[in-house]
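Because only heavy atoms are used, hydrogens play no part in the values below, and waters and symmetry mates are left out as well, while side chains stay in. A note on names: the letters A, B, ... follow the listed sequences, proteins ahead of strands, and every chain is numbered from 1.
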Protein chains: 2
Amino acid sequence: MGKKEKQLVGVKEIARRAGVSIATVDRVLHNRSGVSERTKTKIQAIIKDLNYQPNLLARRLASGKTLNLVTLIPEVSEETDYWSVPLEGVLQAEKEIQPYNVKITKLFYDMNNRESFVNQTQIILNDKVDGVLLAPAFIDEAIEFTDICQERKIPFVFINSDIPNQKSLCYFGPNLYHSGYSVAHLVNYLIEKDDKVLLVNISKDIGADHHILRKEEGFKAYLKDHDIKEPIQLSITETDYPSVQKSMSSAFKKHPDIKLVFVTNSRVSKVAKYLASIGREDIILIGYDFLSENIKYLENRTIDFLICEKPQEQAYRGVRALYQKLVFEVDIESEYFMPIDIITKENCQFYKN
Amino acid sequence: MGKKEKQLVGVKEIARRAGVSIATVDRVLHNRSGVSERTKTKIQAIIKDLNYQPNLLARRLASGKTLNLVTLIPEVSEETDYWSVPLEGVLQAEKEIQPYNVKITKLFYDMNNRESFVNQTQIILNDKVDGVLLAPAFIDEAIEFTDICQERKIPFVFINSDIPNQKSLCYFGPNLYHSGYSVAHLVNYLIEKDDKVLLVNISKDIGADHHILRKEEGFKAYLKDHDIKEPIQLSITETDYPSVQKSMSSAFKKHPDIKLVFVTNSRVSKVAKYLASIGREDIILIGYDFLSENIKYLENRTIDFLICEKPQEQAYRGVRALYQKLVFEVDIESEYFMPIDIITKENCQFYKN
DNA sequence: CTGAAAGCGCTTACAG
DNA sequence: CTGAAAGCGCTTACAG
């Protein structure tokens with residue numbers, strides 16, 4: 001490493017030019033009160049003139065402050081281990097910014113329990129917190145919580161799904177409509193005209209499942225835009241395997257000539273299990289998310305394509321955005337849509353969530 | 001931000017416990033000479049005991065050193081603007097680590113001029129340099145250069161293409177063989193058995209073009225592994241449009257029933273131009289790289305799939321790896337293969353290079 | 001082989 | 001409204 005050529009501009013130099021002490025310069029730098037308008041203007045002019053860039057290392061070292069960030073996402077459940085992936089992203093970001101005096105408190109709630117969400121937000125609000133990362137599964141409660149954050153000027157980011165107009169610092173997640181639209185585009189390459197397509201939704205409360213609804217909408221919109229006939233639809237409202245098996249079985253009885261199945265979320269592995277059990281790996285199966293259960297079926301070619309929108313990176317970027325904002329006062333774009341990745345048996349070994 | 005609870009362990013505390021001065025602790029911390037074996041052992045025990053983690057902010061602030069990194073990649077040429085993308089990655093990384101006293105010198109060479117590469121490596125070697133990022137287009141010259149780097153203990157990373165066994169800190173780039181293999185897997189979904197596939201190589205010196213050769217190898221291997229008949233092949237050794245047009249034209253005269261064309265690099269836009277000119281957008285066209293020229297043809301559906309391996313991220317990660325190694329002494333994995341991304345008209349708007 | 005002192009560029013009480 | 005001084009946790013000459 002080379003010796004640093006003497007830093008040309010620092011608080012010292014500004015103070016010298018203004019004929020004041022560095023303490024006063026510091027006050028102006030941080031918009032603190034107790035400086036006469038006259039000195040303030042003078043110092044500001046010098047700061048601008050010198051194009052002063054504060055030394056952030058020194059700033060953080062001297063202040064001796066710790067940045068307190070909180071993440072609140074669903075806990076890993078037996079239903080799906082999806083949420084272990086965003087958590088990885090939080091941990092990765094934590095590892096990287098740890099050296100800069102940042103503390104990340106990781107809180108979790110139960111996706112099937114509205115109250116658990118509210119409880120955790122209470123905990124956050126009772127603590128001294130500088131920034132929040134949130135996966136807002138319960139919309140109303142999330143709005144209530146983030147309204148308070150906004151009052152207190154605590155920046156927050158959403159991941160996984162957005163609540164528009166809620167003044168979040170940023171949203172990191174999929175564009176769900178386009179995700180479905182893109183899948184249909186791919187499907188268009190994979191089937192012949194008039195081939196039967198089955199669209200499967202698996203969720204306990206499909207009507208409230210924003211993810212599923214928007215993807216389905218996009219998927220169908222593409223078909224309509226391109227004069228492709230509508231898919232057959234199947235809604236499965238119990239997520240255990242026997243329920244999936246039963247529903248799939250009756251659908252296939254009715255439509256034995258289905259060529260392609262599209263499952264609108266990560267439960268695709270259950271459909272894969274069914275297709276494997278009846279020896280119909282020839283049917284093209286498309287679903288969501290790079291989870292070990294799904295990859296297993298991708299590798300044995302029961303699943304043909306997995307769509308994935310980098311859940312780990314969502315959380316990673318979310319934490320970093322908070323850090324950038326709070327430490328460097330960097331402006332953050334208010335929306336960051338993740339890429340819509342297409343994963344196959346052959347490229348999956350290089351995929352990064 | 002919360003006040004930091006008093007840091008429990010620092011050089012001061014270690015010095016106190018060892019009954020020595022902090023200067024001596026510092027010497028042990030950095031393995032500098034001039035400490036008796038006895039004190040050294042004692043101090044090391046205490047360091048371990050306290051699980052001492054140095055404050056990196058303080059370290060960099062006090063040392064007053066600047067880290068000098070150099071990047072050496074091809075310049076943007078009229079042939080292709082591919083290399084503007086990795087440059088973006090360098091600039092992004094620079095922006096992020098700028099606050100930590102890192103200087104990045106960006107050097108470029110002419111892909112068609114071996115000498116220009118050597119000249120630039122000379123410049124690097126004459127300077128005080130802490131780490132190097134290199135896109136090693138000229139293998140022999142790159143080996144010679146990196147041998148010297150190794151002697152001088154200057155860490156270096158490769159991007160875009162690897163030179164195995166050269167003891168680089170890391171390689172960030174595609175696994176070319178698997179890239180071709182993955183494309184063939186995709187092709188398998190897109191054609192019927194016995195459909196004709198045309199494989200097109202466009203390069204001034206195909207025999208020396210590692211990228212093309214390995215991708216072709218992987219592509220053919222898949223076909224062989226899956227009993228699919230061999231592709232028709234076309235080699236075009238002049239990269240201007242008239243030459244491409246001429247070669248394509250005669251290939252299509254010979255094989256009017258070609259169903260799918262695979263171009264093994266970013267020159268796919270020239271083939272797209274040809275297919276558009278003869279009104280054969282129905283032919284499935286697959287090529288490489290997320291470049292504006294290619295995206296144009298993707299959007300009008302002349303190109304159907306673009307394969308991309310995140311050239312921006314390659315460079316970004318390369319720079320960060322050097323930084324992590326030099327500042328934090330973090331261990332770096334010696335190979336990082338980029339994902340093999342499949343881009344279509346519909347998901348391209350969210351793609352990140 | 002070892003230590004006392006100055007300093008990196010800031011922030012933070014405290015005093016006036 | 002303003003400044004002198006101490007300090008953040010290290011590193012770096014310099015002296016012995």
Whole angstrom is fine here: how far is it from NZ in B:K42 over to P in C:dC1?
-> 16 Å
Select base, sugar-phosphate, or nothing to describe what A:R38 touches, counting heavy atoms under 4.0 Å on all strands.
-> nothing
Interatomic distance where CD belongs to A:Q53 and P belongs to C:dC8 [whole Å] = 20 Å
Looking at the side chain of A:R59, which of D:dC10, D:dC1, C:dC10 is the nearest nucleotide?
-> C:dC10
Rounded off to whole Å, could you give me the CZ-to-P distance for the B:R60 and C:dC10 pair?
-> 16 Å
Measure from CD on B:E13 to C1' on D:dG9 and round the result to the nearest Å.
-> 13 Å
Please name the pair of heavy atoms, one in B:G34 and one in B:R27, separated by the smallest distance, quoted to 0.1 Å.
-> O-CD, 4.3 Å
Measure from CG on A:N101 to P on C:dC10 and round the result to the nearest Å.
-> 17 Å
Quick one: is A:K65 getting a side-chain N or O under 4.0 Å of the D:dC8 phosphate, OP1 or OP2?
-> no
Considering only D:dC10, C:dC1, C:dG9, which nucleotide approaches the side chain of B:L61 most closely?
-> C:dG9
Can you say whether the rings of A:Y109 and A:F138 are parallel (under 30°), tilted (30 to 60°) or perpendicular (over 60°)?
-> tilted
Output row for DNA chain C, stems defined as at least 3 consecutive Watson-Crick or G-U pairs under 3.5 Å, is C:1-3 with D:14-16, C:5-12 with D:5-12, C:14-16 with D:1-3
Grab the CD-C1' distance between B:E37 and C:dT2 for me, whole Å please.
-> 16 Å
B:I159 to B:Y171 - nearest heavy-atom pair and separation | C-CE1, 4.1 Å
What protein N or O atoms touch nucleotides 3-7 of chain D N or O atoms at under 3.5 angstrom, if any, and at what distances?
residue : atom : partner : partner atom : Å
D:dG3   : OP2  : A:S21   : N            : 2.9
D:dG3   : OP2  : A:S21   : OG           : 3.3
D:dG3   : OP2  : A:T24   : OG1          : 2.9
D:dG3   : N7   : A:R27   : NH1          : 3.4
D:dG3   : O6   : A:R27   : NH2          : 2.3

Residues that B:E141 engages under side chain to side chain donor-acceptor pair (under 3.5 Å), provided they are two or more places apart = B:R114
Distance under 6.0 Å and angle within 45° of ring axis: B:K352 vs A:Y336 | yes
Nearest-Å distance, NZ (B:K40) to P (C:dT2)?
-> 12 Å
Please report the shortest heavy-atom distance between B:K40 and B:V28, naming the atom on each side.
-> CA-CG2, 4.1 Å
Answer yes or no: does a side-chain N or O of B:T39 lie under 4.0 Å from OP1 or OP2 of C:dT2?
-> yes
Full working for side chain to side chain donor-acceptor pair (under 3.5 Å) between A:Y52 and A:E13 | CA-CA 10 Å; A:Y52 167 71; A:E13 173 64 11; over 6 Å; no
Which whole-number value in Å describes the distance from B:H30 NE2 to D:dG9 C1'?
-> 11 Å
Earlier contact from the 5' end, DNA chain C, for A:R32 and A:L57 | A:L57
Which atom of B:F156 lies closest to which atom of B:Q166, heavy atoms considered | CZ-O, 3.2 Å
Please report the shortest heavy-atom distance between A:C170 and A:E333, naming the atom on each side.
-> SG-O, 2.8 Å
